[in-house]
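Positions are given from 1, in the same order as the sequence printed here.
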Amino acid sequence: MPKATIPSGDLINLADCYLFVPSCGEVKFHALPDLSDTKSAVYAGEPIIGRATTLDTYSHSDARNISLTIHLHARKKADCFENLQILRAIQSATYPREQESGFSFIPPPVCRLKCGKLLADEELCVYLKSYSTKFPRDVPWDEDTYTPWYFTIDTSWTVVYKNSDLPGQNRILNTGR
């Protein structure tokens, strides 16, 4: 059974569970995030003369969406600063990137997500659709930054694939990706 802290009480990063945000780096998790993984197939009902019900035909599949609630704990003042940096990295993933070559904007970055083998054997490429955080008042706060010593960030991600890398049933069965 893995431990959450070392003997001094410092938090341990989970091995193989992280979020990589370009230009910010790797966000390591100290606690297993709450995860949900959603994907749906869309079928169109085709009416058939003389048939009591429609004939359902496969139309397409919707995007794979992952909801992730990230739990941020602090045990010492430095952890509050680190948690604030994690929040800023996640917030930045919803904003367009800046470009100096004359483009008005470039879409927000594509990030990489991995959480053991829960989502896939390898990293998933994802973009952040939304984030939400609420800072609780019933926990201690850092006096300098007003960062609570515990808070969560609720995020919603969409998985993206290169055209040459689109998954099919066999690939999902074998690797989850």
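The existence of a salt bridge linking Asp144 and Lys77 is confirmed by a sub-4.0 Å separation between a basic side-chain nitrogen and an acidic carboxylate oxygen.
With hydrogens and angles disregarded, a donor-acceptor distance shorter than 3.5 Å links the side chain of Lys114 to the backbone of Gly116. With hydrogens and angles ignored, the 3.5 Å screen pairs a side-chain donor or acceptor of Thr155 with a backbone N or O of Leu68.
Residues Phe20 and Trp157 are members of separate hydrophobic clusters, defined by side-chain heavy-atom contacts under 4.5 angstrom among Ile, Leu, Val, Met, Phe, Trp and Tyr. Hydrophobic clustering (ILVMFWY, side-chain heavy atoms < 4.5 Å, transitive): Tyr161 and Val42 are in distinct clusters. Both Leu35 and Ile70 sit in one connected hydrophobic cluster of ILVMFWY residues. Membership requires side-chain heavy atoms under 4.5 Å apart, directly or through other members. Linking ILVMFWY side-chain heavy atoms closer than 4.5 Å, directly or via other members, places Trp141 and Phe81 in two distinct hydrophobic clusters. The hydrophobic cluster containing Val159 does not contain Val110, counting ILVMFWY residues as joined when their side-chain heavy atoms lie under 4.5 angstrom apart, directly or transitively.
Residues Val27 and Tyr18 fail the side-chain proximity criterion, which asks for heavy atoms closer than 4.5 Å. Looking at heavy atoms from C-beta onward, Thr38 lies out of side-chain contact with Ser67 at the 4.5 angstrom threshold. When side chains are defined from C-beta on, Val160 counts as touching Cys125, because their heavy atoms get closer than 4.5 Å. Leu124 places a side-chain heavy atom less than 4.5 Å from the side chain of Ile66. Inter-residue side-chain proximity for Glu98 and Ile106 is flagged as unmet; no heavy-atom pair is nearer than 4.5 Å. Cys115 is listed as a side-chain neighbour of Pro33, based on a closest heavy-atom distance under 4.5 Å. Side-chain contact between His30 and Glu82: present, with at least one pair of heavy atoms (C-beta onward) separated by less than 4.5 Å.
Summarising the geometry, atom CD belonging to Glu123 is positioned 4.5 Å from atom CZ belonging to Arg112; distances are rounded to the nearest 0.5 Å. In this structure, the separation between CZ on Arg97 and OG on Ser92 is 11.0 Å, given to the nearest 0.5 Å.
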Could you pull out all donor-acceptor pairs under 3.5 Å where a side-chain atom in residues 126-136 meets a protein atom, sequence neighbours excluded?
| unit_1 | atom_1 | unit_2 | atom_2 | d |
| --- | --- | --- | --- | --- |
| Lys129 | NZ | Asn65 | OD1 | 3.2 |
| Thr133 | OG1 | Thr152 | O | 2.6 |

For residues 47-63, please give each side-chain donor-acceptor pair under 3.5 Å, one per line with the distance, not counting sequence neighbours.
| unit_1 | atom_1 | unit_2 | atom_2 | d |
| --- | --- | --- | --- | --- |
| Arg51 | NE | Thr53 | O | 2.9 |
| Thr54 | OG1 | Asp56 | OD1 | 3.4 |
| Thr57 | OG1 | Ala44 | O | 3.3 |
| Tyr58 | OH | Ser61 | N | 3.1 |
| Tyr58 | OH | Ser61 | OG | 2.7 |
| Asp62 | OD2 | Ser40 | OG | 3.0 |

Practice prompt. Could you check His73 against Asn83 for side-chain hydrogen bond (donor to acceptor under 3.5 Å, both in side chains), going step by step and ending with a plain yes or no?
Written response: CA-CA 8 Å; His73 302 267; Asn83 290 344; over 6 Å; no
Practice prompt. Apply side-chain hydrogen bond (donor to acceptor under 3.5 Å, both in side chains) to the pair Gln85 and Arg88, showing each step before the final yes or no.
Written response: CA-CA 5 Å; Gln85 294 302 104; Arg88 296 291 180 257; over 6 Å; no
Worksheet item: Between Leu87 and Ile90, does a side chain to side chain contact (heavy atoms under 4.5 Å, CB included) hold up when you go through it step by step?
Response: CA-CA 5 Å; Leu87 175 61; Ile90 291 169; 5.6 Å; no
Worksheet item: Passes side chain to side chain contact (heavy atoms under 4.5 Å, CB included), Ile86 versus Gln91? Steps please.
Response: CA-CA 9 Å; Ile86 290 169; Gln91 289 172 328; over 6 Å; no
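Checking Thr69 against Asp154 by side-chain atom types alone, a donor-acceptor pair falls below 3.5 Å. Using modelled atom types, one finds a donor on one side chain and an acceptor on the other under 3.5 Å when comparing His71 with Asp34.
A pairwise comparison of heavy atoms in Leu19 and Cys111 identifies CD1-CB, 4.1 Å as the closest pair. In terms of heavy-atom proximity, Val21 sits nearest to Ala93 at CG1-CB, 4.3 Å. Taking all atoms of both residues into account, the shortest heavy-atom contact from Trp149 to Cys80 is NE1-SG, 3.4 Å. Between Thr147 and Phe151 the shortest heavy-atom distance is CG2-CE2, 3.8 Å.
Partners of Asp138 under the salt bridge (Lys or Arg N to Asp or Glu O under 4.0 Å) rule, at least two apart in sequence or in another chain, do not exist in this structure.
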